[in-house]
Each structure stands twice: as C-alpha cells, then as structure tokens.
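Okay, structure first, notes after.
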Amino acid sequence: MRPRDCRSEKDLLRCRTDNAPLRNDVWSILNGEDHVSLHGPSGQGYVTIPRKEFNTIVDWYNRDQKPIR
C-alpha cells in the first residue's frame, strides 16, 4: 500500500515505514483520512490542506516537464 492510498490509521499502520524524521529540525508530513498536515521544524507550527489538493501538487511535481528554452 502506498502512503497516498491510506485513508485510516489502520491503513497507515500497515505501511512498512513512516516519514517520522530522526531529527526535529526538519519538516514532517502527517496523513489524515481527508487531509495532510505539514509540520514545521522544532514545533514551529503546521499547515493542513485537503488530501485532494496535496495529491494534485504531488502529481504535478512528479510529472515529466519539458525545459523552457
């Protein structure tokens, strides 16, 4: 199962790994059923966005791009 497909805590617990950083000076991502939370380094706050919008950003980021010339 891909983390992207997780829709519940049970789904997340079935994943082989998580994204919990070993250091507290980096960003982390928490998946919810219908949202994704991005948590800042050292507890500097967080932002929550709908899962659908987050996946749209990831899809764009992973899409092949032609260079601008």
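For this chain, numbers begin at 1 and follow the sequence in order. All values below were derived from every heavy atom in this structure, side-chain atoms included, with hydrogens, water molecules and symmetry-related copies excluded.
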Query - Qualifying salt bridge (Lys or Arg N to Asp or Glu O under 4.0 Å) pairs, either residue in residues 56-69, two or more places apart - result: Arg4-Asp59
Query raised in the report: Is there a path of hydrophobic side-chain contacts, each under 4.5 Å between heavy atoms of I, L, V, M, F, W or Y residues, that connects Trp27 with Tyr46?
Result: no
Return a table of donor-acceptor pairs under 3.5 angstrom between the side chains of residues 32-44 and protein atoms on other chains or two or more places apart.
| residue | atom | partner | partner atom | Å |
| --- | --- | --- | --- | --- |
| Ser37 | OG | Thr48 | OG1 | 3.1 |
| Ser42 | OG | Asn24 | O | 3.2 |

Requested in this report: Enumerate the residue pairs fulfilling salt bridge (Lys or Arg N to Asp or Glu O under 4.0 Å) with a member in residues 36-53, sequence neighbours excluded, ordered by first and then second residue.
Outcome: none
Query raised in the report: For the hydrophobic clusters of this structure (ILVMFWY residues joined by side-chain heavy atoms under 4.5 Å, transitively), does one cluster hold both Tyr61 and Phe54?
Result: no
Query - Connected via hydrophobic side-chain network under 4.5 Å: Ile29 and Trp60 - result: no
